[in-house]
Every structure is written in structure tokens, then in C-alpha cells.
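In what follows, a single structure is set out as C-alpha cells and then discussed.
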Amino acid sequence: MFRYFRLYKHIFQFTLVKNLAYPQNFLLWSLMDIVWAIVNLGFFRILLLNIPHISGWTWEELTIPLGLFYLLNAFIWGAMHTNMKQIPLDVNKGNLDLYLTRPVNSQFLLSTRNINFSLIPSIVVGAFLTWYGYSLNHLLNVQNLLLALLFLTTSATICYSLWFMSVTISIWFNRLLNIPEVFTTVFDVAKYPVDIYPPLARFLLLTVFPLGLVLFLPSEIILGRISISYLFFPILAAGILLFISHKFWNFALRHYSSASS
Amino acid sequence: MAVIDVKNLKKYYKVHQKEPGLSGSIKSLFSRKYYDVKAVDNVSFEIGEGELVGFIGPNGAGKTTTLKVLSGLLYPTTGKVSVLGYTPWDRKPAFQKQFSLVMGQKNQLWWDLPAIESFILNKEIYEVPDSQYKKTLDELVELLDVSDILKVQVRKLSLGQRMKMELIAALIHSPKILFLDEPTIGLDVVMQKKMRDFIREYNRKYNSTIILTSHYMDDVKELCQRIIVIDKGKLIFDGALDEIVKKYANHKLLTVVFDKKVDLEKLSGVGEVKEFNFPKAIISVPRSSASLAAAELLQEFPVADLNIEEPQIEDIIREVFTGQDLA
């Protein structure tokens, strides 16, 4: 385990050096990210200036899931997206070969080899918004901050596992270059309270495809709207999905056909 | 003792067949016909410790597929494979730490960083102790003469320099087995020679087992005592390089230089005239009657010089693949 941290430390340093080598790229991405955050936040603010709440969520309450959303979003686009979009390309070109011969978990190597540091503004916006939400709702205390950290970990694990499983499918089809975008599109549903969806969709979002557990259920726990014992669900879902994604990956590799060279 | 043991290895791929044109594409959306491509078809061989074996065959013969099965990238359709006592596709880290796969057409180095950074990452990945890492790196850097470019960004290196760095990255954990897939591809003649010298020296110094595939016969001729020839997935020859000459070259070549003009028709009576450009002629004759043909030439023709030669190894191999009669 310690070895994996050391490995990640090296990869982190390498990608930082790489990112710093192209500062223009970094600045443009950061700027785009800030504009996107403002537009997105503005949408909810304007909506809630005209209506009192969305499915029982007022602006004050909504700042908490939205703060978590930006933090999670920074993880998704900063730490994950560059890696996920590379996997189908590697399958297609046979570059997976280099990763599969290493005496390290190939899923780990493929999932961590790149980081996009231009998502830092998203982290700042998310952290600020969560802090602001906590203050508005008088929730600023150590327990709630720890809860936020716990939920960010479980939510990141849930998102990562679902995403990795969807990308794993490319091993069978060899040319599913767009499959990483399926998750990013579907992830948008997590941005809204689960209650706004019809019963069947709500059921799926809380069980099979548990994006309902990544923002709103944690926020309800933090806000004290439901019992703290519910935190068991995201933890369980994260554990199970991570396990399945690992098994699914190993199963899929049996069907990896590489590419001729 | 065999470190690589392959028994009845088969690797079939299912490939879908499509009729040409748009209508064919639409049809294949509804009913797909599949057929099996026999990439490797019942291949068996053993390789002992410290051997340097050349894998040769035309494109698509199954060489790379075999290497990929041996390194655990591909699951075979059937067959038994043992490398260093491990089943490769179990991908046990203990096994993966003992071999290296170098593909001339793929690179593992971090493009925007100096190669030394990739070596450090590999040191962590392969859990190489500090002292061993330093020793191995120093030795490899000296053998390949690259001390001045270790800290240059990989993208600024020439292809030859990059290939040297790829080799260091692949060898930093001192693998017992090395699979080299086209290591000299795209390199100029001087660099090819340097690579060969390095591979030979590495094999000698560390007694590592090396399997090498190459399209350049010079690589194989200079490096390998033993060759395995694969064609259309089947193993067609496994033995010493000069044995393939004995086995497949049923003919010898008589190279003659004449004093005076000779009649081509009369010359054709001795054997098959492969080349005739006065004063020189090359005649192919059956191996068993080479001496008789030479005697006939000396008696019947105004011969200034005569040589009896084996055909070139390239020609033999090419003709084995194309199924032609050898001459």
C-alpha cells in the first residue's frame, strides 16, 4: 500500500512538471473552468430567486451539495478524465501492453498516470461554496467537515468505479473511443436532488447506478435532515463498486486482443 | 534447464467478415459472419537459460502474438506455457519482475521529461533497491554510452538515442528474460550495429535469455545461434542457423567466370542459369550433383574461376515463406 503512495507521489511530481511546461494550456483551462463554474452557479441562483425551492431544497441548503459538486467535479475532470479518455485509445492502439506487463496493479497505473492541474480553480470554488453553505446553515464544526471529507472520498470512489467499468467495455469493442464521455454526460443527473426524478429513475440512482448517493444523500446527512446512520449506504456502495470494477477489469483483460505491431 | 516451455500453443482470433462496400457494411450490422484467424497454431518449443533465440517469419506470421502470450498479455486459446515456472497470463508480480518486453514501435518513456525520470519510476514499479539501481544504471549507461543525454527531454532525442533509453528503462530491474520485438526497426545502419553489439554483450555478461524478433536478417545472423521460424502460425523450423541451410537449401550455387564467350543454351544443360552477365554466370544445381556439375563446367567450358556456394540465408528464408523451390 505504502508503495502505491510512493508511486503516486512520483507520478504526481511528473505530471506537475509536465503541466508547468505548458503554462498557456494551464491558464486557458483554468479560465474556462472559472467561467463554467460561474454560469452553473448563476443558473441555480437565478432559478431560486424566482422560486422558493427545488424539491424542498432552498438556496441556502443547496449551497452544500453544490459545493460538494464542484469539489467532486475537480476530481472527475482533474484526476480522472485525462486517464479515462486515454484507455480506449490505448486498447485500440495496443498500448495497454506496456501497462499489463508491469508488476503493479494495471488498473492503478492506468487510472493515475495523468493529472490535469488546471482544475485547481474548481477546488477553490467548491471549497469556498461548501464553507459558505456550512456558515449559512450554521453547521461549521469539525464533525461536519470530517463528514464532508468522508463523503467526498466515497463519492469519488463511486464515480471512479462506475466510470472505470464503463470504460472497461472498450476492451471488447476495440474502437469505443467516445465511451469515457458517457459517464460525464450521465454524471450531470447527480447535480439535481434525487426527488425531482420519477420513481424508477430514483430507484436506479440509489441502487444500480448510485449517483444519488454522491451529493444529495450526503448533504441531507450533513444538514441533519436524515439520520447519520445513512452514511453506511455511500460507504457500502463505494466498497462494492470498487471491488466490482477491479473484478470486471481482470475479467475483461481475458478478452484483450492487443494490436498487431 | 528450460526457462521457457511452450506446448501446443494455439491462439485464435475471431474476426468478422464483411462484404465490400456500403451494402456490405449495412448487412454486417444485422448478421455478422465470423471466422477464426489462426495467429498461432499448435506451436511447441523450449528455450534454455542464457539462449539468444531469433524468431523469424513474415508479417502476420504469429511472432509477436507468441511473444505477447509469453509475456502474459494475451490468453491463449489452448496450450500450456511456462516461463520461469510461471503461467504468464496469471500476471503474478513475482513473474513480471523477471522479464521485460521491448517493442521497437512502442515507447514507455515519459515524452516531456528526461529519460532518467522514467528510470526512477520504473525503479519504484519494479521495487529495485537503491544500490542495485545505481549499479545497473551505471553499467547500462556505460555500455550504451548515453551519459550526456540522460537529462535531456525524451522528445528532444533522436530515434536511436530514444531506443537506447527504452532499453535502459526495460533493463533497469535486471530481467532474466528479455523479449525484444523489432528492437532495431527504423534505426540507421550504424545504430543497428550498436544495438546488436549491445544485445550480444548483455546476453553474454548477464546470461539473460533473449528472444528477438526482427525483419532484418542481419540482426538474426549476427546474434542468434538458434532460430525459430514461424509462418502462418505454424512452427516450420527450430534449430541452428546453418541447419536451415542444410534442411531447405536443396541446391547450391556455382559462380563461374569464363575466359571466352559461351553458349547460354549449352550452359543451361548444366543447371538452372540464375544470372548470366558475361564473363560471370550463376548456376543453380541440385546439392547432390554439385561436384559433378562443377567438373562438367571445368571440362566443357573455358572457365577462369569457379566457386561453389550455399545460397544466402535471406534467400532461403524468403523462399521457405513463399513456398518456392529453393535454389
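The analysis underlying the following values was restricted to heavy atoms, covering all of them including side chains, and did not include hydrogens, waters or symmetry mates.
Between chain B and the options A/Lys18, A/Gln13, A/Arg102, heavy-atom pairs under 4.5 Å are most frequent for A/Arg102.
Using a 4.5 Å cut-off between heavy atoms, B/Asn107 touches chain A through its backbone atoms (N, CA, C, O) alone. Proximity to chain B is limited to the side chain of A/Leu109, based on heavy atoms less than 4.5 angstrom apart. Only the side chain of B/Tyr13 comes within less than 4.5 Å of a heavy atom in chain A; its backbone stays farther off. Both the backbone and the side chain of A/Arg254 come within contact range of chain B, each with at least one heavy atom under 4.5 Å from a heavy atom of that chain. For a residue to count as touching a neighbouring chain, one of its non-hydrogen atoms must lie under 4.5 Å from one of that chain's; by this rule A/Arg6 touches chain B with the side chain only. Heavy-atom distances place the side chain of B/Leu113, and not its backbone, under 4.5 Å from chain A. Using a 4.5 Å cut-off between heavy atoms, B/Ile185 makes no contact with chain A at all. In this structure, no portion of B/Phe95 lies under 4.5 Å from any heavy atom of chain A.
Under the 4.5 Å side-chain criterion, counting only non-hydrogen atoms from C-beta, A/Thr101 is in contact with B/Phe99. Residues A/Leu7 and B/Leu121 form a side-chain contact, since some pair of their non-hydrogen atoms from C-beta on lies under 4.5 Å apart. Contact check for B/Tyr75 versus A/His255: no side-chain heavy atoms found under the 4.5 Å cut-off.
Nearest heavy atoms, A/Ile11 versus B/Trp110: CG2-CH2, 4.0 Å.
A/Arg3 contributes a side-chain N or O that, together with a main-chain N or O of B/Ile125, makes up a donor-acceptor pair within less than 3.5 Å. At distances below 3.5 Å, at least one donor-acceptor pair connects side-chain atoms of B/Gln96 with backbone N or O atoms of A/Leu100.
Counting heavy atoms of neighbouring residues, nucleotides and ligands inside a 6.0 Å radius, atom CZ of A/Phe173 does not exceed 12 of them. Summarising the local packing, CG of B/Asn42 is surrounded by more than 12 heavy atoms from other residues, nucleotides or ligands at distances under 6.0 Å. Heavy atoms of other residues, nucleotides or ligands lying less than 6.0 angstrom from CZ of A/Phe203 number 12 at most. Counting heavy atoms of neighbouring residues, nucleotides and ligands inside a 6.0 Å radius, atom OH of B/Tyr12 exceeds 12 of them. Within a 6.0 Å radius of OH in A/Tyr4, more than 12 heavy atoms belonging to other residues, nucleotides or ligands are found.
The NE2 atom of A/His10 lies 12.0 Å from the OG atom of B/Ser118; values are rounded to the nearest 0.5 Å. Remark: A/Leu96 CG to B/Leu73 CG distance equals 8.5 Å, nearest 0.5 Å. Considering CG of A/Asn95 and CD of B/Gln108, their distance stands at 12.0 Å, rounded to 0.5 Å.
Each of B/Lys97, B/Arg91, B/Lys92, B/Glu127 was evaluated against A/Pro103; a single residue qualifies, B/Lys97, per the side-chain contact (heavy atoms from CB on, under 4.5 Å) test.
Residue-level contacts of residues 228-236 of chain B with chain A do not occur; threshold 4.5 Å between heavy atoms.
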